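Just below is one structure, and these are the notes that go with it.
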Amino acid sequence: MGMDMEKKRVLSGMQPSGRLHLGNLLGALENWKKLQDEYDCFYFIADWHALSTSYEDTHEIKENIFNVAVDWLASGIDPEKSTIFLQSLISEHAVLHLLLSMITPVPWLERNPTYKEKQQEIKDRDLTTYGFLGYPILQAADIIIYKANCVPVGIDQLPHLELTREIVRRFHFIYKKEVFIEPESLISEVPKLPGLDNRKMSKSYGNAIFLSDPPDVVVKKVRTMITDPQRVKRSDPGNPEVCTVFTFHKLFSSAKEVAEVYTGCTTAGIGCTDCKLMMARNLNDYMMPIYEKRKELAGNPKKIDEIIHEGSKKAKKIAQQTLAEVNEVMGLLK
Ligand code: TRP
Ligand code: SF4
């Protein structure tokens, strides 16, 4: 399969921080999947980035890389369409990171809002390392080494994208040659998916439904979902607008069922248990193909390994080319 020169290039990455959940699927993967037909897509697992916060505890990284790859493939990220690769297999990212670090002023990194927020948020780990400060430089290298045009990310990543563009402009200004492309962010409008307790769905909150959860676990989890707290007795009418289960109905049930639930809830015509079971059925219908495919893939680790290595080989060729240009422009190796 030849590379399509007409298509713009998309690149995005995810840290291997564990099994992916429904929030990752709706928030990122569904979008990545759509982009595959229109763009030349590069999706990679950012294992070095994971070290920036968990360098002391690396025993799960290998397993997490495997699980993330399985989750991507099961969700429809297709190795025939997209280049799927592993960051640490492309040492060129690290070399470019080093070169970019020479031209990036430290204050640019220190004023990065993500840097400050994370340091305040994460108290149980030491984040005073250079690697953590330099995180966005590595991210910039990830992106520009492939001359990606667009980077689909959540809004939390916008400061990193802006910093990437600033580094590109500085490089071009200093070395008087436009080697790179200033990448644009691609923000998709994604439906907000709460977790079981109505906070943001997150692995660390323990409120997530994982793509690897079997149907009976999904039902069990849905049963624990927070409903309208005002609806105490079965005979109390409820307010679906404040109910987590209803948010899920709007995403996974038919328009007819959503209308039925709305009326049923506000008139106390339907009980929360029945309402939940109905939603869980629809959610499982949506998740089942992914769950099945996931099971099949997880049973074939050799194939997963092959896909990652094939993709990484393809990515490495491009990364090597760009790095050769960089060396030339900087007056380094020929
Ligand atoms: N920082 C991103 C995140 O935590 C992961 C990432 C690393 C990334 N390198 C990237 C995303 C390059 C997009 C492009 O979600
Ligand atoms: Fe929520 Fe459904 Fe109960 Fe209404 S009936 S409060 S929508 S679970």
Side-chain angles (χ1 to χ4, degrees), residues 9-17 20 23-24 27-29 31-32 41-54 68 85-88 90 93-94 96-97 112 114-115 117-118 132 134-146 148-161 163-165 183-187 194 196 198 222-250 253 257-280 315:
R9 185 167 291 163
V10 151
L11 175 134
S12 198
M14 247 183 228
Q15 289 190 29
S17 40
L20 299 184
N24 303 123
L29 293 176
N31 185 37
W32 288 16
C41 292
F42 283 67
Y43 297 127
F44 76 101
I45 301 173
D47 53 345
W48 280 335
H49 274 117
L51 293 177
S52 71
T53 45
S54 49
V68 166
F85 68 98
L86 178 63
Q87 185 184 37
S88 62
I90 326 286
H93 289 223
L96 185 57
H97 165 252
N112 166 22
T114 319
Y115 176 68
E117 274 162 31
K118 284 250 167 104
F132 187 68
Y135 182 110
I137 306 187
L138 181 57
Q139 182 160 347
D142 297 336
I143 298 168
I144 67 179
I145 205 161
Y146 301 102
N149 305 92
C150 308
V151 185
V153 282
I155 38 175
D156 62 309
Q157 295 293 311
L158 290 184
H160 291 160
L161 257 278
L163 192 61
T164 301
R165 284 193 291 270
E184 308 274 345
S185 58
L186 211 58
I187 304 287
L196 303 173
N198 210 28
V222 167
R223 279 176 178 278
T224 69
M225 265 187 177
I226 304 255
T227 59
D228 171 6
Q230 304 291 328
R231 191 171 187 206
V232 183
K233 291 192 287 326
R234 169 69 177 81
S235 54
D236 295 336
N239 176 10
E241 298 303 347
V242 301
C243 176
T244 320
V245 182
F246 191 65
T247 307
F248 274 67
H249 267 300
K250 284 189 279 190
S253 301
E257 285 170 314
V258 172
E260 273 170 27
V261 165
Y262 192 91
T263 316
C265 178
T266 50
T267 59
I270 182 176
C272 290
T273 306
D274 288 338
C275 182
K276 284 175 169 175
L277 290 177
M278 182 173 159
M279 191 281 279

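Keep in mind it's a predicted model, so treat the numbers as computed, not measured. Counting convention: from 1, in listed order, for ligands and their atoms alike.
- Ile226 and Thr244 make their closest contact through O-OG1, 3.0 Å (heavy atoms, listed as atom of the first residue, atom of the second, distance).
- For residue Cys243, no N/O/S atom approaches atom 3 (Fe) of ligand 2 to within less than 2.8 Å.
- For ligand 1, the atoms closer than 4.0 angstrom to any heavy atom of Ser12 are 13 (C).
- With contacts defined as side-chain heavy-atom distances shorter than 4.5 Å, the pair Val153/Leu186 does not qualify.
- Distances below 4.0 Å separate heavy atoms of Val151 from the following atoms of ligand 1: 13 (C), 14 (C).
- Counting heavy atoms only, Asp142 comes closest to atom 9 (N) of ligand 1 of the residues Asp142, Thr53, Asp156.
- Taking each heavy atom of Ser52 and Phe132 in turn, the nearest pair found is O-CD1, 3.8 Å.
- Looking only at heavy atoms of the protein, atom 5 (C) of ligand 1 is closest to Gly13 O, 3.7 Å.
- The contact set between ligand 1 and Gln15, taken as ligand atoms under 4.0 Å from a residue heavy atom, comprises 4 (O).
- For atom 8 (C) of ligand 1, the closest heavy atom belonging to the protein is Gln139 NE2, 3.6 Å.
- The proximity of Ile143 to ligand 1, defined as any non-hydrogen pair under 4.0 Å, is limited to the side chain.
- Coordination check, His249 versus atom 2 (Fe) of ligand 2: failed, since every N/O/S atom of the residue sits at 2.8 Å or beyond.
- Atom 4 (O) of ligand 1 has Tyr135 OH, 3.2 Å as its closest protein atom, hydrogens excluded (heavy atom only).
- Judged purely by distance below 3.5 Å, without hydrogens or angles, the side chains of Asp142 and Gln87 pair a donor atom with an acceptor atom.
- Atoms of ligand 2 lying under 4.0 Å from at least one heavy atom of Asp228, given by number and element, are 6 (S).
- Closest non-hydrogen pair, Tyr146 versus Arg9, comes out as O-NH1, 2.8 Å.
- Here the side chains of Phe248 and Ser253 are not in contact, with every heavy-atom distance at 4.5 Å or above.
- Side-chain atoms of Val10 and Val151, non-hydrogen and from C-beta on, never get closer than 4.5 Å to each other.
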Worked check of salt bridge (Lys or Arg N to Asp or Glu O under 4.0 Å) between Lys250 and Glu241: CA-CA 10 Å; Lys250 284 189 279 190; Glu241 298 303 347; 3.7 Å; yes
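- When only modelled atom types and interatomic distance are considered, Gln15 and His49 share no side-chain donor-acceptor pair under 3.5 Å.
- Nearest protein neighbour of atom 15 (O) of ligand 1, counting heavy atoms only, is Gln157 NE2, 3.6 Å.
- To the nearest 0.5 Å, the span separating SG on Cys243 from CG on Asp228 amounts to 7.0 Å.
- Annotation for ligand 2: atoms under 4.0 Å from non-hydrogen atoms of Cys265 are 4 (Fe), 5 (S), 6 (S), 7 (S).
- The nearest protein atom to atom 2 (Fe) of ligand 2, hydrogens excluded, is given as Cys275 SG, 2.3 Å; this is a heavy-atom distance.
- Of the inter-residue distances, the one linking Leu96 atom CG with Leu138 atom CG reads 9.5 Å to the nearest 0.5 angstrom.
- The single protein non-hydrogen atom nearest to atom 5 (S) of ligand 2 is Arg231 NH1, 3.0 Å, given as residue, atom name and distance.
- Protein heavy atom nearest atom 7 (C) of ligand 1, with residue, atom name and distance: His49 ND1, 3.2 Å.
- The shortest contact between atom 3 (Fe) of ligand 2 and any protein heavy atom is with Cys272 SG, 2.3 Å.
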